[in-house]
Structure formats: structure tokens, C-alpha cells
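The structure presented is a predicted model; accordingly, all values stated were derived computationally and were not measured.
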Amino acid sequence: MSTAFGQSTVLGYPRIGANRELKKAVEAYWAGTIDATALERTGATLRAEVWRTLRNARLDAIPSNTFSYYDHMLDTAVAVGAIPHRFARLGLSELDTYFAMARGVDAEPALELTKWFATNYHYLVPEIGPDTVFAPNPAKALREYGEARDLGVTTRPVLVGPATFLLLAKGDDPFARLDDLVDTYVGILASLAEAGVAWVQLDEPGYVADRSPAEIDALRRAYTRLGEATHRPRIFVATYFGDLGDALPTLLATPVEAIGLDLVAGPGNLERLAAAGPLRGTTIVAGLVDGHNIWRTDLRAAVTAGATVAGLADHFAVSTSCSLLHVPVDLSVETRLDAHLYERLAFARQKVDEVVLLGRALRDGTAHLPAPLPPAPAAWRNDDVRARLAALGPADRQRGGYGERAARQQERLRLPELPTTTIGSFPQTGELRRTRAAHRAGTLDDAGYTARMRAEVEHVVRLQEQLGLDVLVHGEPERNDMVQYFGEQLDGFAATEHGWVQSYGSRCVRPPVIYGDVARPAPMTVEWSSYAQSLTGKPVKGMLTGPVTILAWSFVRHDQPLADTADQVALALRDECRDLEAAGIRVIQVDEPALRETLPLRAADHPAYLDWAVGAFRLATAGVADDTQIHTHLCYSEFGDVINAIDALDADVTSIEASRSKMEVLDDLAAIGYRRGVGPGVWDIHSPRVPSLDEVVEALRRAVAAVPARRLWVNPDCGLKTRAYPEVEASLRRLVAAAAEVRGH
């Protein structure tokens with residue numbers, strides 16, 4: 001890369017591989033079937049494929065160091081030496097120390113895991129304290145820069161910026177270490193410059209949220225210091241997911257050479273940029289192509305916005321609004337999508353082409369741009385659904401009072417104090433995946449498929465009875481994913497064949513596409529839940545995914561308000577709840593783990609979002625009788641911002657992630673006077689560790705100290721689909737034993 005930035009770039013690219021090669025290699029390494037050399041060989045191959053793809057697409061500026069074996073926040077922690085002593089002292093290799101931080105080991109639980117802004121990506125939370133010894137470790141960035149250079153590709157290394165790194169870290173006052181951390185970045189930048197790096201990208205998405213004057217001043221201090229460093233590459237500060245607000249003029253006043261602005265999720269950035277006056281010397285990188293959704297860009301509208309930027313700045317470039325990490329790799333391999341839908345979509349590879357087209361259009365004119373799309377097909381509209389929504393009133397979102405409901409539910413369910421349960425799924429074994437694949441391919445008929453799934457349901461029910469759980473689940477063997485499963489059965493949704501996106505670590509999901517009005521042609525879960533209930537005298541939970549989470553973990557249509565789409569999904573779930581109840585299911589769990597992650601990043605936008613999000617959940621759940629117990633589940637988010645909304649959901653029982661955060665959420669619930677049932681997770685299922693009995697007892701006693709035992713449930717943090725049966729059985733035995741021990745005191 002020359003000293004010029006170039007006309008077109010992207011902020012990042014999917015790292016999992018077109019066929020999830022990274023997932024398979026990492027899990028093989030964890031299982032011990034390949035060694036570190038083989039894992040690194042896969043990583044190097046995937047990195048080379050990305051760089052060649054971006055070069056061949058004629059992208060001007062190409063990023064590197066966006067590859068990760070697990071998480072880019074964890075990579076940055078390693079790059080600055082922020083490895084907690086509890087992991088450093090284990091004496092493991094560098095790679096195994098890295099994975100220990102991500103997944104935990106017998107001796108130490110993993111770092112906390114939470115959502116990356118308003119996405120379904122999870123990052124690992126760095127632990128920063130006064131004893132953290134920062135030290136520059138640019139080895140990974142240098143290695144990947146060198147690999148690309150050897151292929152003839154000059155790249156721009158990417159790191160999470162120092163201010164966002166500290167904003168997202170865990171510690172009493174992470175910003176107390178700002179100067180030390182920035183000095184560490186100065187050292188990293190010097191090493192990159194020494195290797196010939198011309199540009200470096202530092203990501204600062206933390207500043208598209210509300211920030212205090214002190215936090216904005218930290219941004220100023222960080223980039224003034226970095227900009228004044230005498231031996232460094234040119235600095236490109238990338239921001240995304242929203243409007244920079246008051247942080248934009250602050251950043252413009254620092255001596256950095258380029259600033260990236262998201263003009264898709266943050267259109268207000270354009271107005272603020274205009275208010276800043278003519279920009280001399282600073283390159284503005286305009287995020288005009290949506291990196292967070294899969295719809296084609298309106299190229300002519302994007303050219304108009306780009307031309308405005310070009311008129312304000314001496315130098316400008318076109319980019320994606322954020323990293324393409326959040327979309328699938330390549331649309332061209334999808335062979336079964338409806339033609340009308342296919343022509344409206346763009347995955348990562350196609351979005352790169354859009355960026356290049358926009359750069360060319362802003363330079364040479366718009367004559368070569370494709371024609372606008374025709375209107376959406378009329379068949380995508382469902383007038384019956386729209387009529388049902390128009391007829392809704394407040395009573396459709398309201399149940400009876402909780403006190404009366406709780407009494408009627410206990411009379412019916414007869415549960416002990418501290419009832420034990422799980423969140424829903426049980427291990428998804430290779431045999432189950434092969435069975436689903438064979439049925440999908442037509443090599444296993446419906447009768448054979450049903451028989452195999454029923455056998456697994458019976459196995460799960462008998463196991464739970466043997467372990468002594470109080471409220472059972474059917475284990476969800478028939479479900480490929482908690483959102484995709486429903487999307488495949490609802491009108492208005494489309495499923496991809498290869499549209500995989502990384503959620504965290506090696507966990508990948510295939511989000512469905514919501515393209516039209518949503519309706520439920522037939523019951524979706526009743527067969528499996530009612531079969532499980534027929535096998536046991538204990539209550540079995542019906543398991544549904546809530547409307548907000550279905551939206552959050554799908555690629556959602558952008559031609560109508562989210563609130564309208566959420567209510568359409570909620571109506572389908574309302575019908576499903578009623579059918580479950582009619583089939584004899586008296587406990588129904590409607591999961592909303594995405595309630596917090598979909599929260600807008602600016603506080604001014606919270607009330608409107610929470611109003612429709614809570615309203616959609618209540619529409620889905622308020623159609624059942626008061627003696628049917630409604631549960632919900634939330635996980636891996638910072639819950640303080642939505643704690644009142646959790647209460648407003650009016651679920652009878654809320655299970656919630658709490659093990660990695662040491663039950664912190666219970667204090668938030670107590671502070672708002674929460675008075676319904678709650679199940680704080682006492683076992684971290686995102687780690688392969690089997691917790692000791694003492695650990696689970698300690699967690700449960702901590703919970704009992706905050707919430708009366710009569711309102712407490714005992715459960716894991718999340719579903720068990722990613723775990724293996726031996727660790728599940730051992731952990732659940734300890735969970736049940738811990739509940740019995742705490743009940744007895």
C-alpha cells in the first residue's frame with residue numbers, strides 16, 4: 001500500500017472459511033486429532049484465500065490480522081500482554097493458554113463472554129487490573145502481514161483500538177491504565193513500521209454508544225499520543241454500528257490520517273461531518289455498504305451519500321459499514337433460493353464487488369451501475385396476518401396478576417423448593433446430525449427419521465428422570481438451530497444452504513432470511529413436546545424461540561419497521577403456545593437471549609425499542625391460561641440496561657446467565673423489586689469444565705442470599721447442545737446434588 005489510502009476497502013472479512021474449515025480444524029485440535037502445526041496450516045490457507053479474493057476483486061486497500069482462532073478481542077488482549085496471571089501461571093503453550101482463556105480449563109474458568117454491540121457475535125471480556133503488565137506483542141500482526149506480502153498482497157493490519165479495548169474490559173477502573181496501554185500500542189506501531197507497514201487500522205466502535213466527557217477525553221488522549229508517535233504507520237481509526245456523536249469532532253482534532261464512519265447504521269455521521277467544515281488532510285472512509293445485513297445496496301443512493309463525503313474531504317474512500325464478519329461468505333454457492341430473493345441479496349464476496357463498484361462510480365460516474373430492482377413480488381404480502389395485527393388491542397398482551405398465576409401453577413405442577421431444570425437442548429451428537437442430513441437428502445424416510453428422533457427424546461427423558469431433575473425437556477434433537485428451525489417452518493422466511501456466520505469461537509449459525517410477511521402454516525413443536533410428556537409424569541417444557549431473538553438472529557427485511565415484523569412472528573408463536581397448551585404442556589419456555597443485544601446503542605432510542613420488544617414477547621405469551629407457566633431465558637449480555645424490560649416481560653420464571661459474572665445480575669433484579677421466579681445459571685456450559693460440587697453449591701448459596709429460595713430455580717447458563725454427554729451427565733448430577741444440599745440448610 002502506498003501512502004495514499006486507496007479508493008475502496010473493507011473493514012474485515014469472514015474468517016471461518018467457505019465451508020467452515022476453521023471450525024472443523026479448531027474442534028479437531030481441541031479433540032486432540034490434529035496438532036498445532038496442522039491447525040496453523042489450515043489458518044494460513046484460509047488467510048491466503050481471503051487475501052487473494054480481495055486482491056482479485058480489485059479492492060484497493062486490504063486488511064490483515066482480522067483472522068482469529070477464537071475472537072479478535074482475545075487476540076488484542078494477547079497483543080498487548082493482557083493475559084491474566086491465573087492463565088499465565090498454568091505453564092501452557094501460547095496457543096493452549098489462548099484457548100484456556102477462551103474456554104477455561106479444569107483449574108480456571110474462562111473469561112466472561114458477552115455480545116459484540118448490536119450483533120450476534122460474542123467476544124471475550126479482557127480482565128484489566130492494577131497488576132496487569134502490558135507489553136507489546138505484535139508477533140501475530142507481523143506474521144500475517146508477512147504472509148500476505150509473500151503472496152504479493154500489501155495489507156493494513158487491524159487491531160481493536162485502545163479506548164474501545166478498555167471500555168469493553170472488566171475491571172474496577174480500566175481507564176486508569178490508559179496511558180500504560182497507549183504506550184504499549186506505541187510499541188506495537190513502531191514494530192509494524194519497522195516491518196514496512198504503511199497503514200494500520202484501529203477499531204473504535206465503542207464510541208458509537210453514549211459516552212461521558214471523560215470517556216471521550218480518553219479517546220482524545222489516546223489518539224493524540226498515538227498520532228504524535230515518531231515512528232509509526234499511518235493510522236486509520238475505524239468506527240461502526242452507529243453515529244459517533246460528540247466523539248467525531250474530538251477524533252477529527254487528533255493527528256490521525258483516516259477516520260471510518262458508518263453511514264448505514266449511523267446516517268447522522270454525514271450531518272456531523274458537514275458541520276465540522278472542510279476537512280484538510282484527513283481521509284474519510286465512508287461505510288456505504290451494509291456489513292451487518294445481506295440485502296443488496298441501493299448503489300445510486302450510496303453514490304449520492306459518497307459524493308457528499310467527497311465534497312467535504314480532500315481524500316475519501318468507500319468501505320463496508322463494518323467488518324463483513326457478520327455476513328456469510330459467498331452468495332454464488334446458494335442454488336435453491338427463489339430467484340426474486342436471490343437477486344436482492346449480497347453476501348461478503350458480493351459486498352466487496354459493491355464497494356469496488358461504488359469507488360469506481362464516484363470516480364468515473366454511474367453509467368456502469370446495474371439497474372434498480374423491480375418491486376417485491378405481491379406473494380410476499382399476507383393480508384390475513386396484517387388484518388390480525390390491525391385488530392389487536394391491549395388485552396392481547398396481558399395475563400392475569402402474577403400472584404394468582406403463581407398459586408395456580410404451583411397447585412398444578414407441585415414443584416419442590418429450588419426446582420431443577422435445564423435450558424432446553426441436550427448434546428447434538430454426530431449421529432443426530434447425520435440423521436437430520438439423511439432425512440434432508442431424502443435417503444431416510446419420514447418414518448425412519450421420526451423413529452430415530454423419538455428414540456433420542458426417550459433417551460433424554462429417561463436420563464433426566466434418572467438424574468432427578470424436576471422439570472424436564474425433550475432435548476431438541478430435531479433442531480439444527482434455535483432460530484433456523486423455526487424459520488424453516490414459517491412463511492416469509494427462507495433458509496440458505498451455506499450461509500454460515502460465526503457466533504463465537506467455533507460456533508457457527510446459519511441465520512434465516514425474513515423477506516415477507518410471517519405466518520405459521522402448521523404447528524412446529526407440538527409433536528415432539530407432547531411425545532416427551534407422554535413418557536413421564538414430570539412436567540416437560542415446551543421450547544420456543546422468542547420474537548426478538550428470531551429477528552436478531554435472522555437477516556431481517558428492511559422494508560418495514562422491526563416492530564411490525566416482530567409482531568408478525570409473535571402471532572405465530574402465540575398460536576404455537578396455545579397448541580402446546582391444548583396438547584397438555586403446562587410449562588412453556590420462550591427464549592429471548594437477544595433482548596439485550598438488539599438494544600440500540602444510544603439511550604435515546606431505548607424506550608421505543610423496549611416498548612415493541614416487550615410488547616412482542618407479551619403478544620406471543622399472553623394467550624395461554626394463568627395456570628400455564630411461562631419461562632424465558634436470557635444469556636451472555638450486560639443485563640443492567642434492560643433490567644426493567646426483563647421485569648416487564650411478565651414471564652413467570654426467567655433463567656439467566658450468571659456463572660461467569662458471579663451472580664451479578666441478581667443485584668440488578670433485586671434493585672428493581674423483581675418478584676417472580678428466577679433461575680440464575682450455576683454452570684457455565686460454554687466451557688468444557690465440569691464444575692465441582694462445591695462450586696455449584698457456592699453459586700447457589702450466593703443466589704439464595706440475594707433471592708428467596710421459594711422463587712429460585714436451579715439450571716445451567718444455557719442449552720447443552722455444544723457439550724458431550726459425559727460432561728453433561730456429570731455436571732447435572734452435581735447441579736441436582738447442590739440443589740438438594742442447599743434445600744437442606
Side-chain angles (χ1 to χ4, degrees), residues 23 25-36 39 69-71 73-74 77-78 82-114 122-127 129 131-132 170 420 422-423 425-429 463 467 504-507 635-636 657-664 680-703 714-739 741-742:
K23 167 190 174 66
V26 166
E27 291 179 354
Y29 179 75
W30 293 341
T33 58
I34 66 170
D35 61 13
L39 176 60
Y69 283 122
Y70 202 99
D71 168 51
M73 278 291 285
L74 180 59
V78 172
I83 300 175
H85 177 68
R86 61 194 180 92
F87 294 106
R89 66 178 175 79
L90 296 175
L92 302 173
S93 69
E94 181 177 315
L95 182 61
D96 288 340
T97 300
Y98 176 91
F99 284 134
M101 294 165 69
R103 305 174 70 230
V105 292
D106 286 343
E108 291 294 342
L111 297 177
E112 287 187 33
L113 189 70
T114 195
H122 307 59
Y123 73 93
L124 289 156
V125 182
E127 296 176 1
D131 59 343
T132 301
K170 189 176 182 68
T420 56
T422 66
I423 300 306
S425 60
F426 265 65
Q428 292 272 318
T429 64
L463 174 60
L467 293 170
Y504 64 87
S506 67
R507 169 82 169 132
C635 60
Y636 296 101
E657 181 276 326
S659 63
R660 289 195 185 187
S661 57
K662 309 298 183 188
M663 301 290 164
E664 290 175 358
V682 295
W683 161 32
D684 173 21
I685 67 89
H686 288 81
S687 169
R689 295 178 67 247
V690 174
S692 69
L693 178 60
D694 287 345
E695 284 180 75
V696 183
V697 168
E698 179 186 357
L700 192 50
R701 285 185 171 150
R702 198 179 299 123
V714 184
N715 48 257
D717 271 343
C718 203
L720 307 177
K721 66 182 296 181
T722 61
R723 304 271 55 93
Y725 267 107
E727 63 193 87
V728 164
E729 292 186 32
S731 298
L732 288 178
R733 286 186 192 282
R734 290 175 182 174
L735 183 149
V736 171
E741 181 172 331
V742 175

Any non-hydrogen side-chain atom of [X] less than 4.5 Å from a side-chain atom of [Y]?
| X | Y | value |
| --- | --- | --- |
| E127 | R86 | yes |
| L720 | W683 | yes |
| M101 | L74 | yes |
| R734 | V690 | yes |

Can you list everything that forms a ring-ring contact (aromatic ring centres under 6.0 Å, His included) with F87? Sequence neighbours excluded, please.
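Partners of F87 by the ring-ring contact (aromatic ring centres under 6.0 Å, His included) criterion come out as none, since no residue qualifies.
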Any idea which heavy atoms bring [X] and [Y] closest together, and the distance?
| X | Y | value |
| --- | --- | --- |
| E657 | D717 | CA-OD1, 3.4 Å |
| S687 | G104 | OG-CA, 3.9 Å |
| V697 | A738 | CG2-CB, 3.6 Å |
| T420 | A739 | CG2-CB, 3.6 Å |
| V105 | A100 | CG1-CB, 3.6 Å |
| K721 | S425 | N-OG, 3.2 Å |

Examine the side chains of D96 and Y29 and answer whether a donor and an acceptor come within less than 3.5 Å of each other.
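Present: a donor and an acceptor within the cut-off.
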Rounded at 0.5 Å granularity, tell me how far [atom1] in [X] sits from [atom2] in [Y].
| X | Y | atom1 | atom2 | result |
| --- | --- | --- | --- | --- |
| Y123 | T114 | OH | OG1 | 5.5 Å |
| I423 | I685 | CD1 | CD1 | 9.0 Å |
| L39 | E27 | CG | CD | 11.5 Å |
| L700 | L693 | CG | CG | 10.5 Å |
| E108 | H85 | CD | NE2 | 9.5 Å |

(Q) Test your reading of the model: is there a side-chain donor-acceptor pair from T33 to the backbone of A28, 3.5 Å cut-off? (A)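 It does hold such a pair.
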### Message
Determine whether a donor-acceptor pair (N or O, by modelled atom type, separation under 3.5 Å) exists between the side chain of Y98 and the backbone of Y70.
### Response
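Yes, Y98 side chain to Y70 backbone: donor-acceptor pair under 3.5 Å.
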Please list, one pair per line, the donor and acceptor atoms closer than 3.5 Å that link side chains of residues 725-732 to other protein atoms, with sequence neighbours excluded.
from : atom 1 : to   : atom 2 : distance (Å)
Y725 : OH     : E456 : OE2    : 2.7
E727 : OE2    : R723 : NE     : 2.4
S731 : OG     : E727 : O      : 2.8

**Request:** Would you kindly check if the NZ (Lys) or CZ (Arg) of R103 is within the cone defined by 45 degrees around the ring axis of W30 and under 6.0 Å from the six-membered ring centre?
**Result:**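 The answer is yes; both the distance and angle limits are met.
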*List for me each residue that meets salt bridge (Lys or Arg N to Asp or Glu O under 4.0 Å) alongside E94, sequence neighbours excluded, and say none if there are none.*
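Expected list: none.
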